[in-house]
Novice: 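Can you keep this structure in mind? I'll have questions shortly.
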Amino acid sequence: MEWLASISADAQAMSLWEGIAVALAVVYLVGAMNSKLWCWPAAFVSTLIYTVLFWKVALLMESLLNVYYMAMAVYGFWMWRYGGSVKGGGAGVGKERQGVAMVSWSLSRHLQLIAVTAVVALALGYVMSNYTHADFAYLDAATTTFAVMTTVLVALKVIENWLYWVVIDLVSIYLYVSKGFMLTSALFVFYTVLAFYSYWVWRKAYLQQEQGNCPNTLTAT
């Protein structure tokens, strides 16, 4: 299969930096799937590397998206560590804050979120198509805007975030193959499969949390 052959060749010829970014991206995703706090530092370094790589091949919004990811890695770390309720109830000196707990949003809330994000994506795609040298302007804008929104959902531990990632990752595979990032496209195939599995893991943990068996699924190890 030509795609597999390209991945093999790209794996042999890839830059050291892309290899590090791929490895850290896998570390992040596995950590996020299991609600591990250390996933966020891995995400920060990985996205820093990708910011530079994407800028060099004129995927402008993908590059800017990774700048945003770096900021969200800091925000996500804070939310998962300190963003929840205070242990023992109440605030005060000596009280330890818990990380944010998992939540599930209604279908109507998600539909509203999708509608607003889609409008922003169309507007951004139009600007990029007419006023920049960006390739695949509308697809690039769509993956960017939806990824921006979905990353917030990850930081807030909204369990449906993984369903958004499935769609985003599938579109991203096409973009990366078109630009010759074969190893990264393979990574996003892995992302897609793992996103399905992660939704199942988070939903199971959420149901346990709601039943009172697991008050907070955050683990810092």
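All values reported here derive from a predicted model rather than from experimental measurement. What's counted below: heavy atoms across the whole structure, side chains too, no hydrogens, waters or symmetry copies.
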Novice: So, taking the atom named CG in Leu207 and the one named OG in Ser104, what distance separates them when rounded to the nearest 0.5 Å?
Specialist: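 The distance works out to 8.5 Å.
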
Novice: Rounded to the nearest 0.5 Å, what separates atom CG in Leu48 from atom CG in Asn66?
Specialist: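 One finds 9.0 Å between CG of Leu48 and CG of Asn66.
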
Novice: In terms of the angle between their ring planes, are Trp78 and Tyr82 parallel, tilted or perpendicular, with boundaries placed at 30° and 60°?
Specialist: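 Trp78 and Tyr82: tilted rings.
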
Novice: Could you tell me whether a side-chain N or O of Ser63 sits under 3.5 Å from a main-chain N or O of Thr51, the two making a donor and an acceptor?
Specialist: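 The answer is yes, because a donor-acceptor pair under 3.5 Å joins these two groups.
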
Novice: Rounded to the nearest 0.5 Å, what separates atom CD in Gln209 from atom NZ in Lys157?
Specialist: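 Result: 8.0 Å between the selected atoms.
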
Novice: Are the side chains of Tyr50 and Val22 in contact, using a 4.5 Å heavy-atom criterion?
Specialist: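 Answer yes - side chains close enough.
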
Novice: To the nearest 0.5 Å, what is the distance between CG on Leu107 and CD1 on Ile114?
Specialist: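 Answer rounded to 0.5 Å: 8.0 Å.
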
Novice: Checking the side chain of Tyr164 only, and the main-chain atoms of Thr151 only, is there a donor and an acceptor separated by less than 3.5 Å?
Specialist: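 Looks like no, no N/O pair under 3.5 Å.
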
Novice: Roughly how far, to the nearest 0.5 Å, is the OG1 atom of Thr150 from the CG atom of Asp169?
Specialist: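 Atom-to-atom, Asp169:CG and Thr150:OG1 are 9.5 Å apart.
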
Novice: Would you find a donor on one side and an acceptor on the other, under 3.5 Å apart, between the side chain of Tyr206 and the backbone of Val103?
Specialist: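 Between the backbone of Val103 and the side chain of Tyr206 there is no qualifying donor-acceptor contact (under 3.5 Å).
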
Novice: Quick check on side chain to side chain contact (heavy atoms under 4.5 Å, CB included): which of His110, Arg109, Met102 does Val158 satisfy it with?
Specialist: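 Answer to the side chain to side chain contact (heavy atoms under 4.5 Å, CB included) test with Val158 among His110, Arg109, Met102: His110.
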
Novice: Is the closest side-chain heavy-atom distance between Leu64 and Thr144 below 4.5 Å?
Specialist: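 They are not in contact (no side-chain heavy atoms under 4.5 Å apart), so the answer is no.
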
Novice: Between Ser46 and Ala42 (side chain of the first, backbone of the second, donor and acceptor by atom type, cut-off under 3.5 Å), is there such a pair?
Specialist: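 No: the side chain of Ser46 does not pair with the backbone of Ala42.
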
Novice: Would you name the heavy atoms of Tyr126 and Tyr138 that are closest together and state the gap between them?
Specialist: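 The answer is CA-OH, 3.3 Å.
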
Novice: Taking Gly125's backbone N and O only, do any of them form a donor-acceptor pair with Ser129's side chain (distance below 3.5 Å, no angle check)?
Specialist: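 Here the side-chain-to-backbone pair does not exist.
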
Novice: Any idea which heavy atoms bring Trp40 and Val154 closest together, and the distance?
Specialist: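 Between these two residues, the closest heavy atoms are CH2-CG1, 3.8 Å.
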
Novice: When you measure from the side chain of Trp80 to the backbone N and O of Val100, does any donor-acceptor pair fall under 3.5 Å?
Specialist: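 Side chain of Trp80 to backbone of Val100: no pair is present.
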
Novice: Using side-chain heavy atoms (C-beta onward) and a distance below 4.5 Å, is Trp200 in contact with Trp162?
Specialist: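 A side-chain contact is absent here, since even the closest heavy-atom pair is not under 4.5 Å.
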
